[in-house]
There are 2 protein chains.
Amino acid sequence: MPTSGISSLTLNRLSLYLRCLRGLRDEGQKRVSSLELAERFHLSAAQIRKDLAQFGEFGIRGVGYDVEQLTERLNRLLGLDRTHLILIVGAGNLGSALARFLSFDDRSFKVVAAIDNDPEKIGQMIGDVPIFGPDELGDVVRRTGAEIAVLAVPPDPAQGIYDRLVAAGIKAVLNFAPARLARDAGVPTKAVDLRIFLEELGYQMEAAALP
Amino acid sequence: MPTSGISSLTLNRLSLYLRCLRGLRDEGQKRVSSLELAERFHLSAAQIRKDLAQFGEFGIRGVGYDVEQLTERLNRLLGLDRTHLILIVGAGNLGSALARFLSFDDRSFKVVAAIDNDPEKIGQMIGDVPIFGPDELGDVVRRTGAEIAVLAVPPDPAQGIYDRLVAAGIKAVLNFAPARLARDAGVPTKAVDLRIFLEELGYQMEAAALP
DNA sequence: CCATGTGAACAAATTCACAGCA
DNA sequence: TGCTGTGAATTTGTTCACATGG
């Protein structure tokens with residue numbers, strides 16, 4: 001019930017390692033050491049080992065890691081060996097783009113439906129993703145079996161919609177709305193605030209310009 | 001030359017505080033204490049004070065902070081009192097959406113141009129943002145005075161384009177490409193990897209499902 | 001008084017350095 | 001021998017608690 005014992009930082013690095021490993025595998029490389037991974041992808045060797053060690057012993061001392069096997073284990077660990085269904089809420093610019101963008105080819109994630117309150121849009125498609133009305137929210141979650149909701153709505157309605165998604169049984173939420181949500185403890189929720197990223201760069205740019 | 005003395009964590013919270021303060025100001029509130037801010041927006045009072053203290057004394061002991069004045073000072077601190085021009089690189093689904101999405105109404109950020117290598121798109125517009133060809137990259141940066149590049153291209157060409165942007169004199173980069181860039185020390189660069197966010201939720205969902 | 005600003009305590013994350021095993 | 005896995009050291013970030021000053 002706590003948000004899992006593993007930190008976001010570690011988890012995000014695991015995703016990174018996995019991506020690197022896929023590259024190595026596609027090059028036909030059989031084995032890799034933490035040092036080689038670190039050097040090729042600008043990571044830290046000690047940290048790779050620490051991160052992996054949290055989940056058991058993956059490597060062979062004196063040799064390194066088996067690329068195929070480690071790839072496989074990380075895949076399973078991150079739940080990428082099965083398909084997660086995604087519901088987009090808010091089919092504006094960003095929501096529509098995400099509807100097309102988040103169906104990755106490896107089939108770990110697939111967008112199955114979108115919700116919007118614009119009568120013009122309801123019944124239309126974004127690529128092969130159908131758009132439903134707000135009334136159908138709970139129904140769509142249940143019918144499609146969507147697990148992850150991607151919130152791309154204006155800040156004001158965000159909390160209300162979040163609560164309805166939780167009530168409808170959604171399993172996780174990725175929130176692009178620039179609003180601080182009161183989160184449900186049982187539903188992993190991650191905020192992605194694009195404006196904040198820009199503002200960070202804004203500051204760092206100015207700071208970089210000084211002596 | 002280091003990426004400024006202030007951590008990303010702090011900087012991102014400042015953005016958050018600023019957003020909350022704007023809300024209070026719009027409600028007509030004159031003063032606010034760190035405690036009130038914390039309670040209303042689910043933040044930590046001590047952390048607000050620590051964060052602000054890094055930049056000088058903003059408040060009045062025994063009283064709190066002047067909403068208007070603090071808003072103003074944070075605005076200036078984050079460089080939001082002037083307009084930052086943005087260049088979108090890669091006008092696919094995500095790039096086009098960002099072209100529309102990242103011009104915020106307060107005029108702190110404005111998208112001025114996009115680059116794409118699809119001959120069909122070159123010369124077209126995304127809203128009021130013109131699309132140019134890859135050859136024109138350096139030229140567009142110089143002509144428009146764009147400071148921030150938003151990279152929304154496939155992983156393979158990302159590094160090459162990044163290097164060209166840096167050479168062209170870009171001041172900061174927000175990278176949406178799922179690629180780990182060799183970053184230029186003088187150019188603040190922030191990675192936003194949407195797939196990694198989904199994978200994190202994927203793991204936490206499974207973890208939340210266990211006892 | 002009362003809320004800020006801050007040093008000191010605590011917690012988390014990263015890096016170091018080496019023991020231990022293939 | 002050489003690289004993993006891991007405690008110990010260090011750095012970074014957060015919380016606590018109180019002296020300070022409007």
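In what follows, chains are A, B, ... by sequence order, proteins preceding strands, each numbered from 1.
- Atom CZ in B/R31 sits roughly 14 Å away from atom C1' in C/dT4 (whole-Å rounding).
- Proximity note for A/S34 (side chain, C-beta onward) versus D/dC16, D/dT4, C/dG5: the nearest is D/dT4.
- Look at B/S44 and you'll find a side-chain N or O under 4.0 angstrom from OP1 or OP2 of D/dT15.
- Nucleic acid contact class of A/R13 (heavy atoms, under 4.0 Å, all strands): sugar-phosphate only.
- As judged by a 4.0 angstrom heavy-atom cut-off over every strand, A/L52 is placed among residues making no nucleic acid contact.
- The CD atom of B/Q54 sits 13 Å away from the P atom of D/dT12 (whole-angstrom rounding).
- D/dC16 atom P lies 11 Å from atom CD of B/Q47, rounded to whole Å.
- Of the candidates A/R142, A/R82, A/K110, A/R82 is the only one forming a salt bridge (Lys or Arg N to Asp or Glu O under 4.0 Å) with A/E147.
- Relative to the six-membered ring of A/F55, A/R73 misses at least one condition, a distance below 6.0 Å or an angle of at most 45° to the axis.
- Residue B/A46 has its side chain nearest to D/dC16 when only D/dC16, C/dG5, C/dT15 are considered.
- Side chain of B/A53, nearest nucleotide from D/dC16, C/dG5, C/dA22: C/dG5.
- Across the protein-nucleic acid pair, B/E36 atom CD and C/dA3 atom C1' stand 12 Å apart, rounded to whole Å.
- Across the protein-nucleic acid pair, A/I48 atom CD1 and D/dG5 atom C1' stand 14 Å apart, rounded to whole Å.
- Between the P atom of D/dA17 and the CG atom of B/L35 lies a distance of 15 Å, rounded to the nearest Å.
- If you check every strand for non-hydrogen atoms under 4.0 Å, B/S7 touches sugar and phosphate atoms only.
- Taking the ring centre of A/Y65 as origin, the terminal cationic atom of A/R31 falls outside the region bounded by 6.0 Å and 45° from the ring axis.
- In terms of position along DNA chain C, the nucleotide closest to A/S8 lies nearer the 5' end than the nucleotide closest to the other residue of the pair A/S8 and A/V63.
- Taking every side-chain heavy atom of A/Y65 into account, D/dT4 is the closest of D/dT4, C/dT14, C/dT6.
- Between B/L9 atom CG and D/dG13 atom P there is a gap of 7 Å when expressed in whole angstrom units.
- Between A/D66 atom CG and D/dC3 atom C1' there is a gap of 15 Å when expressed in whole angstrom units.
- Annotation: cation-pi geometry not satisfied between A/R195 and B/F109 (NZ/CZ under 6.0 angstrom from ring centroid, within 45° of ring axis).
- Residue B/K50 places a side-chain atom within donor-acceptor reach of the base of D/dT15, judged by atom type and a 3.5 Å distance cut-off alone.
- In this structure, A/R19 fails the cation-pi test against A/F41, since its NZ or CZ atom is not both closer than 6.0 Å to the six-membered ring centre and inside 45 degrees of the ring normal.
- Comparing D/dG21, D/dT4, D/dT15 by their closest approach to the side chain of B/R61 singles out D/dG21.
- Among C/dT4, C/dT6, C/dA17, the nucleotide with an atom closest to any side-chain atom of A/R49 is C/dA17.
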